[in-house]
> 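Before we start, here is the structure in question, set down as structure tokens.
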Protein chains: 2
Amino acid sequence: MDESGTRTEQVYRRLKADILAGQIEPGSTLPFARLKDDYGASMGVLREALMRLTAEGLTVNQPQFGFRVISLSIEDLTDLTATRCTIESMVLRDAVTNGDLEWETRVLTAHHRMERTQKFENGEGSPVTPAWAQAHQEFHEALLSGARSQRMQAIASNLRAAAEVYRQWSIPFEVVKRDVSKEHREIMDLALARNAEEAAAALVRHLSATRDLILKGTQAPQQ
Amino acid sequence: MDESGTRTEQVYRRLKADILAGQIEPGSTLPFARLKDDYGASMGVLREALMRLTAEGLTVNQPQFGFRVISLSIEDLTDLTATRCTIESMVLRDAVTNGDLEWETRVLTAHHRMERTQKFENGEGSPVTPAWAQAHQEFHEALLSGARSQRMQAIASNLRAAAEVYRQWSIPFEVVKRDVSKEHREIMDLALARNAEEAAAALVRHLSATRDLILKGTQAPQQ
DNA sequence: TGTCAACAAATTTTCGACATTACATAAATT
DNA sequence: AATTTATGTAATGTCGAAAATTTGTTGACA
């Protein structure tokens, strides 16, 4: 794949991608010995990559116990979603109010690309394709990219990454009665129409709907 | 001085202290060869220490170019303060609304401890003591600790750490006409009186006042 | 004189060996 | 049976050398 950057950079990206793609089970430990084989890197490199992921909140580090992927819990999901609703709607309002022409272009481009990307590999009910997940990610980032505060955008980005783990592990249930595509279009249209309040409200509904689906999924936990 | 902890721990503390004290010019590079002589540690140790500092935002790491001390940036300080005002006032409102008796106790205790801690080593104008900085940190954390959202508190905590760098750099100017102690008491009193809006407003004033002082300081930069 | 390639120097990054420490489990002694 | 003591496993701490990369310099050629 992409082999640019230092060894640490590569390992960091692969590890993050694997976690977000649901390759590694939430809560499971990440022993150095195994990672060393799987990723072909020394302990120093792995340690550095894991520290970066920990700073982002995708892994946790119990001293003397090593690193683990974050654990999923209903309380955390509730907290996470509430936090995202607050932060993201705030940033979106900023973006809608202050976004320039380039922002509009980025949003349109990202949306178009997402729409044109194949979502499922084997029909509905199967996990979404990595390409679509990526495009989806970029659409939401584009939406917020018009805001002035870089820090706020970084925070929103980290929260989204954490939420992505939940989303990945609840995908099989996303079939039911929901038109995600329509929700996205609604948010975009309101944003580009410079209707800050309505756009933020639509985004909150979008995030809440996802949370509710995941909650329904965890009642019949997989594994 | 303090020789407790591991080698990495010691180097980390010395390096951090030197940066905050302005011993190393902001923006300057930190070549391993020189650090190796100055701090008498191996590359692995230095790397680990620098990584931790980078996670805290005191240094930055351009791959293949090594580490540098962060540069003072007025834009970043403005963005950072604005973000803090938004986040912290929000979390404080939550804490004031939902904090229980234990929260009240924690706030009172932290405040009392901070008031009883010696602030300056050598009279006003000198850097605050590490002990006071610690107590100050814990007071603000206690204030927010009544809020329900763990994620929000974590975000606020990270932002505070980033701001601490600027605060330390601006210390020599903190003498002038400002009663920080009074500001703290005002915030606490309003919070414990369950006056969410007023407390949040006082906190915003507190943060803004600090930013203004730093901005005034950077017009006549030390080095 | 100017450009570019090859080479040399300086720095960062990566690696693996080894000692140390912390924790968990099993064994042994009281 | 309960407490203490070995033992094993895995993370952490430390070091210095080798590999990789960027920067600096020299010299040939147009």
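Lettering of chains follows the sequences in order, A, B, ..., and the numbering in each one begins at 1.
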> Could you tell me which residues satisfy ring pair (Phe, Tyr, Trp, His ring centres under 6.0 Å) with A/Y12, sequence neighbours excluded, listed by chain and number?
none
> Only counting residues at least two apart or in another chain, list the ones meeting salt bridge (charged side-chain N to carboxylate O under 4.0 Å, His left out) with A/R116.
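For A/R116, no residue satisfies salt bridge (charged side-chain N to carboxylate O under 4.0 Å, His left out) once neighbours in sequence are set aside.
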> Check nucleotides 21-23 of chain C for protein N or O atoms closer than 3.5 Å to its own N or O atoms and list the pairs.
unit_1: C/dA22; atom_1: O4'; unit_2: A/Q64; atom_2: NE2; d: 3.4

> B/R151: what forms a side chain to side chain donor-acceptor pair (under 3.5 Å) with it, not counting sequence neighbours?
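Scan of B/R151 (side chain to side chain donor-acceptor pair (under 3.5 Å), adjacent residues dropped) gives A/D76.
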> Rounded to whole Å, please give me the gap between CZ in A/R68 and P in D/dA11.
13 Å
> Take the protein atom CD of A/E9 and the nucleotide atom P of D/dA20, then report the distance between them rounded to whole Å.
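Atom-to-atom, A/E9 to D/dA20, this comes out as 19 Å.
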> If the condition is salt bridge (charged side-chain N to carboxylate O under 4.0 Å, His left out), which residues does B/E115 pass it with, not counting sequence neighbours?
none
> Write down the distance between CZ (A/F67) and C1' (D/dT12), rounded to a whole number of angstrom.
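Going from A/F67 (CZ) to D/dT12 (C1'), I get 10 Å.
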> OP1, OP2 of C/dT14 versus side-chain N and O of A/T6: anything below 4.0 Å?
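Checking A/T6 against C/dT14: at least one side-chain N or O falls below 4.0 Å of OP1 or OP2.
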> Can you give each donor-acceptor pair under 3.5 Å made by side-chain atoms of residues 31-42 of chain A, sequence neighbours left out, with the distance rounded to 0.1 Å?
unit_1: A/R34; atom_1: NH1; unit_2: A/D38; atom_2: OD2; d: 3.1
unit_1: A/Y39; atom_1: OH; unit_2: A/D18; atom_2: OD2; d: 2.7

> In whole angstrom, give the distance that lies between atom CZ of A/F32 and atom C1' of D/dT9.
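Answer to the nearest Å: 14 Å.
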> Could you state the CD-P distance from A/Q10 to C/dT13, rounded to the nearest angstrom?
14 Å
> For DNA chain D, what residues of residues 39-51 of chain B have any heavy atom nearer than 4.0 Å?
B/S42, B/M43, B/V45
> For B/R34 and C/dA10, what is the distance between atoms CZ and C1' respectively, to the nearest whole Å?
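Atom-to-atom, B/R34 to C/dA10, this comes out as 15 Å.
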> Figure out the NZ/P separation between A/K36 and D/dA10, and round it to whole Å.
13 Å
> Could you work out, with salt bridge (charged side-chain N to carboxylate O under 4.0 Å, His left out) as the rule, every residue matching B/R148, not counting sequence neighbours?
B/D94
> Please output the side-chain donor-acceptor pairs of residues 45-55 of chain B that fall under 3.5 Å, not counting sequence neighbours, one pair per line with the distance.
unit_1: B/R47; atom_1: NH1; unit_2: A/E48; atom_2: OE1; d: 3.0
unit_1: B/R47; atom_1: NH1; unit_2: A/E48; atom_2: OE2; d: 3.2
unit_1: B/R52; atom_1: NH1; unit_2: B/E9; atom_2: OE1; d: 3.3
unit_1: B/T54; atom_1: OG1; unit_2: B/L50; atom_2: O; d: 2.8
unit_1: B/T54; atom_1: OG1; unit_2: B/T59; atom_2: OG1; d: 2.8

> Tell me which pairs pass ring pair (Phe, Tyr, Trp, His ring centres under 6.0 Å) where either residue lies in residues 134-165 of chain B, with sequence neighbours left out.
B/H111-B/F139, B/W132-B/H136, B/H136-B/H140, B/H136-B/H184, B/F139-B/H184, B/H140-B/H184, B/H140-B/H206
> Identify the heavy atoms of B/A133 and B/V128 that sit nearest to each other, and give their distance.
CB-CG2, 4.4 Å
> Starting at CZ of A/R7 and ending at P of C/dG16, how long is that distance when rounded to a whole Å?
10 Å
> In this structure, are over 12 heavy atoms from other groups packed under 6.0 Å from B/R113 atom CZ?
no
> Take the C1' atoms of the five end pairs on each side of the helix from C/dT1-D/dA30 to C/dT30-D/dA1, derive the two axes, and give their angle rounded to 10 degrees.
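Here the local axes at opposite ends form an angle of 10°.
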> With sequence neighbours excluded, what pairs up with A/E56 under the salt bridge (charged side-chain N to carboxylate O under 4.0 Å, His left out) test?
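Applying salt bridge (charged side-chain N to carboxylate O under 4.0 Å, His left out) to A/E56 gives A/K16.
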